[in-house]
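In what follows, a structure is listed as structure tokens, so that the remarks can point back to it.
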Amino acid sequence: MKKRETSATFGVIGLGRFGSALVECLSKADKEVVAIDKDEARVKEARRYTDFAMVVESLDQESLEEAGIQNCDTVVICIGEQMDTSILTTMTVLNMKVPHVISKANSFMHGEVLKQLGAKVVYPERDMAIRLGKGLIYNNSFLDFVTLEGNVEVRRIQVTEPLIGVTVREADTRRKYNLNIIAIEHDHRTEVDFPSEYRFQQGDVICVIGQTGNVERFENDMQ
């Protein structure tokens with residue numbers, strides 16, 4: 001595969017459930033994806049989404065270079081179940097000077113080793129469990145969140161009865177909770193430039209940013 005000049009290219013190594021879903025997602029967004037696995041059936045399935053799906057028996061540098069991994073802007077290593085293979089493959093891809101290397105980890109120890117090597121680490125099962133847990137805790141008000149460095153979150157929250165009819169100014173989330181409202185979603189539109197006199201309505205969703213503890217305190221008060 002020759003690297004294109006106008007669009008980011010991605011490599012996905014390991015086509016289990018996580019890797020296969022990632023290939024599908026990126027390909028449907030019209031991204032160029034190199035998909036690699038040693039299992040021919042998984043590779044055949046990936047070819048539904050990308051022309052660059054191939055069987056690679058060995059994950060040594062020579063084999064990965066033949067597949068074109070060195071031409072990718074971002075490579076995601078999705079073989080968390082086999083810790084030794086995951087670590088060695090991450091080392092190899094980093095040595096190939098790929099700009100962004102992301103590795104899936106199944107445990108804290110595994111993730112710490114990958115971080116020490118220089119990869120960004122994701123914990124798919126843990127993150128999904130946290131999303132499910134928060135959804136259960138906050139019932140229907142919790143929608144989604146993004147975790148940032150420094151224990152900061154951006155969270156989408158369904159407006160509930162305590163806020164309906166209240167203006168942004170009256171809600172005063174900055175003083176009461178040290179939170180900033182950065183967007184309001186209403187009638188399938190997202191407003192980032194809204195007046196302080198806007199009154200929250202049934203069906204609104206607000207996006208807030210702040211320390212996780214403050215977000216959770218606000219959300220608890222909205223129950």
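Computed from a predicted structure; not experimentally measured.
- Of the possible polar contacts, one joining the Glu170 side chain to the Thr167 backbone as a donor-acceptor pair under 3.5 Å is found.
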Inset, instruction - For the pair Asp60 and Ser63, evaluate side-chain hydrogen bond (donor to acceptor under 3.5 Å, both in side chains) and give the outcome as yes or no after the intermediate values. - result: CA-CA 6 Å; Asp60 58 79; Ser63 299; 3.2 Å; yes

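- The CD1 atom of Ile206 lies 14.0 Å from the NE2 atom of His186; values are rounded to the nearest 0.5 Å.
- Contact between Ile184 and Tyr198 at its shortest, heavy atoms only, is CD1-CD2, 3.7 Å.
- Formation of a donor-acceptor pair under 3.5 Å by the Ser20 side chain with backbone atoms of Leu15 is found in this model.
- Between Val55 and Asp37 the shortest side-chain heavy-atom distance does not fall below 4.5 Å.
- The closest donor-acceptor contact from the side chain of Glu197 to the backbone of Val168 lies at 3.5 Å or more, if one exists at all.
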Legend entry - Phe52/Thr9 under side-chain contact (heavy atoms from CB on, under 4.5 Å): CA gap, chis, key distance, verdict: CA-CA 11 Å; Phe52 302 107; Thr9 56; over 6 Å; no

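- For residues 66-91, there are no ring pair (Phe, Tyr, Trp, His ring centres under 6.0 Å) pairs, not counting sequence neighbours.
- The main-chain N or O of Val159 is never found under 3.5 Å from a side-chain atom of Asp204 such that the two would form a donor-acceptor pair.
- For the atom pair CD (Glu153) and OG1 (Thr212), the distance works out to 3.5 Å, reported to the nearest 0.5 Å.
- By the 4.5 Å heavy-atom criterion applied to side chains, Leu26 and Tyr49 are not counted as neighbours.
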Inset, instruction - List the steps and the verdict of side-chain contact (heavy atoms from CB on, under 4.5 Å) for Ile36 and Leu59. - result: CA-CA 9 Å; Ile36 290 175; Leu59 295 177; 4.2 Å; yes

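- The backbone N or O of Gln82 sits nowhere less than 3.5 Å from a side-chain atom of Ser86 that would complete a donor-acceptor pair.
- The heavy-atom pair separating Leu22 from Cys78 by the smallest distance is CD2-SG, 4.4 Å.
- Of the possible polar contacts, none joining the Ser103 side chain to the Val121 backbone as a donor-acceptor pair under 3.5 Å is found.
- Residues Val76 and His100 have side chains not in contact (no heavy-atom distance under 4.5 Å, counting atoms from C-beta outward).
- Not one N or O on the side chain of Thr173 forms a donor-acceptor pair closer than 3.5 Å with the backbone of Asn178.
- Here the side chains of Val93 and Ile13 are in contact, with some heavy-atom distance below 4.5 Å.
- Side-chain contact between Val34 and Thr50 is absent, with no heavy atoms from C-beta onward closer than 4.5 Å.
- Just one of Ile79, Val75, Val101 meets the side chain to side chain contact (heavy atoms under 4.5 Å, CB included) condition when paired with Thr89; it is Ile79.
- Residue Met96 places its CE atom among more than 12 non-hydrogen atoms of other residues, nucleotides or ligands, all under 6.0 Å distant.
- Within the 4.5 Å cutoff, side-chain heavy atoms of Ile157 are placed close to those of Val208.
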Inset, instruction - Run the numbers on Glu185 and Arg189 for salt bridge (Lys or Arg N to Asp or Glu O under 4.0 Å), then give the verdict. - result: CA-CA 5 Å; Glu185 301 174 34; Arg189 295 179 58 186; over 6 Å; no

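- One finds the OG1 atom of Thr74 at 9.5 Å from the NZ atom of Lys120 (value rounded to the nearest 0.5 Å).
- Taking a cutoff of 4.0 Å between a charged side-chain nitrogen and a carboxylate oxygen, Arg155 and Glu219 qualify as a salt bridge.
- In this structure, CD1 on Ile102 lies 8.5 Å from CZ on Phe10, to the nearest 0.5 angstrom.
- Closest heavy-atom contact between Gly210 and Val215: O-CG2, 3.9 Å.
- Arg47 places a side-chain N or O within donor-acceptor distance of the main-chain N or O of Ala53, the cut-off being under 3.5 Å.
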Inset, instruction - Any chance you could lay out the side-chain hydrogen bond (donor to acceptor under 3.5 Å, both in side chains) test for Tyr123 and Asn106, step after step, and finish with the verdict? - result: CA-CA 6 Å; Tyr123 300 88; Asn106 279 1; over 6 Å; no

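- Salt bridge Glu112/Lys115: present, at least one basic N to carboxylate O contact under 4.0 Å.
- Between Val12 and Gly19, the shortest heavy-atom distance links the atoms CG1-O, 3.7 Å.
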Legend entry - Trace of the side-chain contact (heavy atoms from CB on, under 4.5 Å) decision for Met83 with Ser107: CA-CA 9 Å; Met83 188 183 299; Ser107 69; 4.0 Å; yes

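- Taken from CG in Asp172 to CZ in Arg174, the straight-line distance is 9.0 Å, to the nearest 0.5 Å.
- Although no hydrogens or angles enter the test, the distance criterion places no donor-acceptor pair under 3.5 Å between the side chain of Asn180 and the main chain of Ile182.
- Sorted by first and then second residue, the salt bridge (charged side-chain N to carboxylate O under 4.0 Å, His left out) pairs with a member in residues 49-58 form an empty list; sequence neighbours excluded.
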Inset, instruction - Could you go through the side-chain contact (heavy atoms from CB on, under 4.5 Å) check for Leu114 and Lys104 one step at a time? - result: CA-CA 9 Å; Leu114 294 170; Lys104 172 187 171 184; over 6 Å; no

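- Here the shortest heavy-atom pairing between Ala119 and Leu94 reads N-CD1, 4.2 Å.
- The CZ atom of Arg217 sits 11.0 Å away from the NZ atom of Lys176 when rounded to the nearest 0.5 Å.
- Within 6.0 Å of CZ on Phe108 lie no more than 12 heavy atoms contributed by other residues, nucleotides or ligands.
- Although no hydrogens or angles enter the test, the distance criterion places a donor-acceptor pair under 3.5 Å between the side chain of Asn220 and the main chain of Glu216.
- Of all heavy-atom pairs between Gln201 and Ile164, the closest is C-CG1, 4.4 Å.
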